[in-house]
Amino acid sequence: MWPISDLTIIVPTYNEKDNVGMLLVQLDKVLTGLNWNVLFVDDNSPDGTADHIREFSKRDPRVSCLCRTANRGLASACIEGMTLATAPFVALIDADLQHDEALLPQMYDALASSELDIIIGSRYMDGGGTGELGLCRRWISRVATRLSRIFVPKELTDPMSGFFMIRRDTFLKIVPHLYGKGFKILLDIFASSSEPLAFREFSYVFRQRNAGESKLSGTVIWDYLEFIIARKTARLVPSAFMLFVLV
């Protein structure tokens, strides 16, 4: 039974065993005074990430783990975790410590004290940055961001961000319409909402991965292109067929 919280933090994981402990230390440090819990959604990592998280949960009731053996993938992990959250506000953050967890209290205060639907951590607004992200990764991120413009307000500087906080009731209205596949759930949320979302961005500098390896691959890029096509054609034309034609 999870404790009653004001904020649930969802952390999707795959082979992130060496990052879990440090992330929990940082969350405990920056969220002092806030009633929170964290749910790790692990895709049956072969490095034993789920078992490692369970050891922490024995000592801290705020920590829990959902280990999935089917329907795996980043977007579905985020969706499943956010759907299971019980707090009125839900944050999504990576386990690799590249996101700035120190922003979470500010994001929470801004969301709880306003009528906003979502608060987003941005690498591309004034004060933000991509840090030591490699040239290829920066190029891919920029191209993907430009492609996403057909679905998001022009004022949104980082639609590819994986670091945000949303009202749970807002998310639950959108979840039946989500595409639910791929790597960038924030873009899916904006593209799937029947009403414009009231948002605000906070700048942060993307940090170097603490441990493990990036999950970016050719499959991720392919899934993203499938998402663009599926959304643009309202799923009337199979995206796999369209990609085959383009190739």
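Quantities reported herein were computed from a predicted structural model and do not represent experimental measurements. Residues take their numbers from the sequence shown, with the count starting at 1.
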Asn37 and Thr8: CA distance, side-chain angles, deciding distance, side chain to side chain donor-acceptor pair (under 3.5 Å) verdict
CA-CA 5 Å; Asn37 71 296; Thr8 295; 2.9 Å; yes
Chi angles and distances behind the ring pair (Phe, Tyr, Trp, His ring centres under 6.0 Å) call for Phe199, Phe190
CA-CA 10 Å; Phe199 68 91; Phe190 271 88; 5.8 Å; yes
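Residues Arg200 and Ser114 have side chains that never bring a donor and an acceptor to within less than 3.5 angstrom of each other. For Thr157 and Ser122, the side-chain atoms include at least one donor-acceptor pair closer than 3.5 Å.
Tyr204 and Met22 end up in the same hydrophobic cluster when Ile, Leu, Val, Met, Phe, Trp and Tyr side chains are linked at under 4.5 Å. Clustering ILVMFWY residues whenever any of their side-chain heavy atoms sit less than 4.5 angstrom apart, transitively, puts Met125 in a cluster other than the one holding Leu116. Placement of Leu97 and Leu104 within a single hydrophobic cluster is found when ILVMFWY residues are connected by side-chain heavy-atom separations under 4.5 Å, directly or transitively.
With sequence neighbours excluded, no residue forms a ring pair (Phe, Tyr, Trp, His ring centres under 6.0 Å) with Phe40. Residues satisfying the side chain to side chain contact (heavy atoms under 4.5 Å, CB included) test with Asp47, not counting sequence neighbours, are Asn15, Lys17, Ser45, Thr49. A search for salt bridge (charged side-chain N to carboxylate O under 4.0 Å, His left out) contacts involving Arg72 returns nothing, not counting sequence neighbours. Residues passing the side-chain hydrogen bond (donor to acceptor under 3.5 Å, both in side chains) test with Lys58 are Glu55, sequence neighbours excluded.
Identified under the salt bridge (Lys or Arg N to Asp or Glu O under 4.0 Å) test for residues 163-178, with sequence neighbours left out: none. Legend: salt bridge (Lys or Arg N to Asp or Glu O under 4.0 Å) pairs involving residues 98-119, not counting sequence neighbours, sorted by first then second residue: Asp100-Arg207, Glu101-Arg207.
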